[in-house]
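Data first, discussion second: the structure below is written as structure tokens.
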Amino acid sequence: MALIDKYFSRDDLKRIAQACAEVEKTTSGEVRVSIYNKKPWRLRKKSVFEVALAEFYRLGMDKTRDRTGILLFILLKDREFQILADEGINKKVEQNTWDKIADELTDYFKKGRYVEGVIETVKKMGKILSTHFPRKPDDINELSDEVSVR
């Protein structure tokens, strides 16, 4: 049994994807969630930030029109996660905003409320993005809303 199955069912992953799709209706930003059971062998000596950055590029999140991709990356085995935003977002939103949301997610995880924590985090990320990057008339969904699981 993969570690992810302990924390997230298929329905949970669908609900998370739906939350991503829902928040993207209010912003030109692109929100993704990626969950790794453990670090890939080739990245085993890297920090959670470095693994999240590799995933950010693997998912093509740096290719959005306005550089407004944001990733919630979760590393289950190491019990770590990272919120990683592209440069368009970083020009307008300070890192401490994401750090505060990350602290709130930590509280959810400590209480064993994984799915609820991820969905609430996605909603909070979306709310901040909609303030700085409202949806444009010609906006398209540039990236999949599916949760990437590895």
Side-chain angles (χ1 to χ4, degrees), residues 1-64 67-90 93-133 135 141-150:
M1 178 170 121
L3 193 55
I4 191 163
D5 298 326
K6 180 178 173 184
Y7 299 100
F8 302 95
S9 70
R10 285 188 191 277
D11 282 344
D12 293 336
L13 297 176
K14 285 180 186 168
R15 287 177 47 218
I16 293 167
Q18 287 169 343
C20 290
E22 201 58 37
V23 301
E24 287 181 5
K25 289 178 182 176
T26 64
T27 178
S28 61
E30 293 287 331
V31 180
R32 293 255 0 225
V33 175
S34 179
I35 304 171
Y36 275 33
N37 285 296
K38 61 182 182 180
K39 289 180 188 174
W41 179 252
R42 65 182 173 77
L43 299 174
R44 69 190 181 283
K45 294 183 178 175
K46 302 288 185 187
S47 68
V48 67
F49 173 82
E50 292 168 310
V51 179
L53 190 60
E55 179 70 347
F56 190 87
Y57 289 117
R58 187 187 77 79
L59 294 172
M61 297 196 66
D62 60 319
K63 306 266 193 284
T64 63
R67 303 295 300 263
T68 53
I70 186 164
L71 175 68
L72 170 56
F73 176 77
I74 302 168
L75 194 53
L76 292 174
K77 185 170 188 255
D78 294 356
R79 309 187 107 179
E80 295 180 302
F81 61 89
Q82 181 78 43
I83 296 174
L84 193 61
D86 205 350
E87 64 184 31
I89 295 172
N90 290 335
V93 183
E94 292 186 20
Q95 183 60 41
N96 65 6
T97 301
W98 308 122
D99 294 343
K100 183 175 179 245
I101 292 173
D103 289 343
E104 293 168 5
L105 181 56
T106 298
D107 291 339
Y108 276 102
F109 282 3
K110 283 179 181 173
K111 295 173 185 165
R113 295 166 60 195
Y114 303 99
V115 180
E116 188 181 349
V118 171
I119 289 173
E120 285 303 310
T121 299
V122 165
K123 287 179 181 177
K124 288 173 187 168
M125 289 163 43
K127 188 170 186 180
I128 291 163
L129 290 179
S130 67
T131 302
H132 297 281
F133 306 96
R135 188 169 175 92
N141 191 10
E142 297 179 77
L143 300 172
S144 169
D145 297 323
E146 294 301 308
V147 177
S148 176
V149 177
R150 298 186 85 185

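Please read these numbers as outputs of a predicted model, since none were measured by experiment.
Here the shortest heavy-atom pairing between Q82 and V48 reads OE1-CG1, 3.9 Å. For the pair E50 and K46, the tightest heavy-atom approach, listed with the atom from each and the gap, is OE1-CA, 3.3 Å. Minimum heavy-atom separation, A21 to D145: CB-OD2, 3.3 Å. Heavy atoms only, all atoms of each residue included: V115 and Y7 are closest at CG2-O, 4.0 Å. Shortest non-hydrogen contact noted between R32 and E146 is NH2-O, 2.8 Å.
Note on D78 versus K38: no salt bridge recorded, every NZ/NE/NH1/NH2 to OD/OE distance being 4.0 Å or above. Between K100 and D103 there is no salt bridge, since no side-chain N of the basic residue sits under 4.0 Å from a carboxylate O of the acidic one.
When only modelled atom types and interatomic distance are considered, S34 and E55 share a side-chain donor-acceptor pair under 3.5 Å. Side-chain atoms of D86 and N90 include no donor-acceptor pair closer than 3.5 Å.
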Evaluation steps, side-chain contact (heavy atoms from CB on, under 4.5 Å), between K77 and K39: CA-CA 8 Å; K77 185 170 188 255; K39 289 180 188 174; over 6 Å; no
Steps toward side-chain contact (heavy atoms from CB on, under 4.5 Å) verdict (H132, I89): CA-CA 8 Å; H132 297 281; I89 295 172; over 6 Å; no
Derivation and outcome, side-chain contact (heavy atoms from CB on, under 4.5 Å), residues R150 and N37: CA-CA 6 Å; R150 298 186 85 185; N37 285 296; over 6 Å; no
Test log, rule side-chain contact (heavy atoms from CB on, under 4.5 Å), inputs V51 and L53: CA-CA 5 Å; V51 179; L53 190 60; over 6 Å; no
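With contacts defined as side-chain heavy-atom distances shorter than 4.5 Å, the pair T27/R135 does not qualify. Looking at I70 and W98, their side chains come closer than 4.5 Å, going by heavy atoms from C-beta outward. Residues T106 and F81 form a side-chain contact, since some pair of their non-hydrogen atoms from C-beta on lies under 4.5 Å apart. Residues V33 and I35 meet the side-chain proximity criterion, which asks for heavy atoms closer than 4.5 Å. L3 has its side chain out of reach of F8: every pair of non-hydrogen atoms, C-beta onward, lies at least 4.5 Å apart. Between S148 and R58 there is a side-chain heavy-atom pair separated by less than 4.5 Å. The closest side-chain heavy-atom distance from E30 to N141 is below 4.5 Å. Residues I74 and F109 are in side-chain contact: their nearest non-hydrogen atoms beyond the backbone lie under 4.5 Å apart.
Ring-plane geometry between F73 and Y36 is classed as perpendicular, the angle between the planes exceeding 60 degrees on a 0 to 90 degree scale with a lower cut at 30.
Atom CZ of R10 sits in a sparse spot, with 12 or fewer heavy atoms from other residues, nucleotides or ligands closer than 6.0 Å.
For the atom pair CG of L13 and CG of D11, the computed distance is 9.0 Å after rounding to the nearest 0.5 Å. Rounding to the nearest 0.5 Å gives a distance of 10.0 Å between OG of S9 and CD1 of I4.
Under the side-chain contact (heavy atoms from CB on, under 4.5 Å) rule, V147 has a single partner from I16, V118, L72, which is I16.
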Can I get a per-line list of side-chain donor-acceptor pairs under 3.5 Å for residues 119-131, giving both atom names and the distance, sequence neighbours left out?
residue : atom : partner : partner atom : Å
T121    : OG1  : G117    : O            : 2.7
K124    : NZ   : E104    : OE1          : 2.5
S130    : OG   : G126    : O            : 3.4
S130    : OG   : K127    : O            : 2.8
T131    : OG1  : K127    : O            : 3.1

